[in-house]
Number of protein chains: 2
Amino acid sequence: MLKLNPVKPEIANDGETQDLTYTISELAKEFGITTRAIRFYEDEHLISPERIGRQRIYSGRDYTRLKLILRGKRLGFTLADIADMLNLYDSEPGEKAQLEVALVKARQRRQSLEQQLDDLKLTMTELDAFETSCREQLKNL
Amino acid sequence: MLKLNPVKPEIANDGETQDLTYTISELAKEFGITTRAIRFYEDEHLISPERIGRQRIYSGRDYTRLKLILRGKRLGFTLADIADMLNLYDSEPGEKAQLEVALVKARQRRQSLEQQLDDLKLTMTELDAFETSCREQLKNL
DNA sequence: ATTGACGTTTACGTAAACGTCAATATAATA
DNA sequence: TATTATATTGACGTTTACGTAAACGTCAAT
């Protein structure tokens, strides 16, 4: 293999170190997903790695985006939703109108997240009650 | 229409009143989903309404299950996951082994929910930072 | 020169969760 | 009773998020 990452440090870090690059299979292993998934995210414009020839080279920024993508997925968001979030974050507004649009979108996101938080709390409360009831019944045996 | 719900009270309630029944379209309207979706949940054994002839009659219990289904969906769980949860809750254990299995499953659920809670908090924190930064930039104009 | 490990593109396949007709059956109402 | 509204059962279509080959390129090592 072409020596793309010649002096990759062995020290444990969060993977976001500057100038550190990754191959697709390194990222796949790190995040426990397939290379196919990573390429798919690129098709959907969620990541845009550099290229050396045809080969993809992922940066620390790509690493971070991937982390955000997977977190978004665990929260049940679609890739389209996640794309929105990512584009929101790395758009360089500068203009007033842009900033205000960003704030509106952020507020909508917050709405959605708060709804989820409520749902989460309710679900946990019910689970608590259920577990308590189970233990109660176990005791009465 | 056959008078299935003859004395449905007009007072606002949580829809879980005992002995109250619903037609499929009433539920659809109430929850903002299509009748197709509701029938699909039945195909997947998430609800099992009574029948009068071929027509489906939904009980307060069905109403509650539907509410739980939609909450599960908002949390990003698959219908299979949700089916597990529902079956978990309304299984009548009685036996010790059953109860212990239930407790194990409950713990797994909790794991998943806590992971989501962490993800949710992180995402909200980042959103906060982003909003603050936006407002900051707006002030400097 | 070949083998192996990894990477690439292209293309078709698939499971989940419904949407969207179409045809038919009841039910409610004028 | 005729009409209108609602319900039911197929059956096929659609979107999302990848999986699964197939066929080929690249480099390192033997």
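Order of the sequence lines fixes the chain letters, A, B, ..., with proteins taken first and strands second; residue numbering starts at 1 for each chain.
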> Rounded to the nearest Å, what distance is computed from the CZ atom of residue A:Phe77 to the C1' atom of nucleotide D:dA17?
17 Å
> Can A:Arg109 be said to sit on top of A:Phe77's aromatic six-ring, NZ or CZ under 6.0 Å from centre and within 45° of the ring axis?
yes
> What integer distance in Å separates B:Glu42:CD from C:dA17:C1'?
16 Å
> Picking from D:dA7, D:dT9, D:dA17, which would you name as closest to the side chain of B:Thr23?
D:dA7
> Answer with yes or no after comparing the ring centroid distance for A:Phe130 and B:Tyr89 against a 6.0 Å cut-off, counting only values under it.
yes
> Is there a side-chain polar atom (N or O) of A:Lys73 under 4.0 Å from OP1 or OP2 of D:dC18?
yes
> Could you tell me whether B:Glu50 atom CD has more than 12 heavy atoms of other residues or ligands within 6.0 Å of it?
no
> Output the rounded distance in Å from CG (B:Asp43) to P (D:dA11).
13 Å
> Measure the spacing between NZ of B:Lys67 and CD of B:Glu30 and express it to the nearest 0.5 Å.
9.5 Å
> Give the intermediate values and the outcome of salt bridge (Lys or Arg N to Asp or Glu O under 4.0 Å) for residues A:Arg110 and B:Glu126.
CA-CA 11 Å; A:Arg110 176 178 306 279; B:Glu126 281 163 14; over 6 Å; no
> Measure from the side chain of B:Thr78, starting at C-beta and using heavy atoms only, and say which of D:dA17, C:dG7, C:dA17 lies closest.
C:dA17
> What is the distance, rounded to the nearest whole Å, between atom CD1 of B:Ile69 and atom P of C:dA17?
11 Å
> D:dT16 P sits how many Å from B:Leu79 CG, rounded?
17 Å
> Taking NZ from A:Lys29 and P from C:dA5, how many angstroms apart are they, rounded to a whole number?
13 Å
> Please evaluate residues A:Arg51 and A:Glu42 with respect to the criterion salt bridge (Lys or Arg N to Asp or Glu O under 4.0 Å), reporting the C-alpha separation (whole Å), side-chain torsions for both, the decisive distance (0.1 Å), and the verdict.
CA-CA 12 Å; A:Arg51 298 277 181 134; A:Glu42 183 177 351; 3.2 Å; yes
> From CZ of B:Arg51 over to P of D:dT8, roughly how many Å is that when rounded to an integer?
7 Å
> Between B:Tyr41 and B:Arg54, just flag the one whose closest nucleotide in DNA chain C comes earlier from the 5' side.
B:Tyr41
> Looking only at side chains, do B:Thr125 and B:Asp128 share a donor and an acceptor under 3.5 Å apart?
no
> With pairs defined as Watson-Crick or G-U wobble and both distances under 3.5 angstrom, please note down DNA chain D as a dot-bracket string, | for pairing with another strand.
||||||||||||||||||||||||||||||
> More than 12 heavy atoms of other residues, nucleotides or ligands under 6.0 Å from CD of B:Glu100: is that the case?
yes
> How long is the line joining CD1 of B:Ile24 and C1' of C:dT26, in whole Å?
15 Å
> List in numerical order all residues of residues 32-39 of chain B for which some heavy atom is under 4.0 Å away from an atom belonging to DNA chain D.
B:Arg36, B:Arg39
> Salt bridge check, B:Glu114 against A:Arg74: does any charged N sit closer than 4.0 Å to a carboxylate O?
no
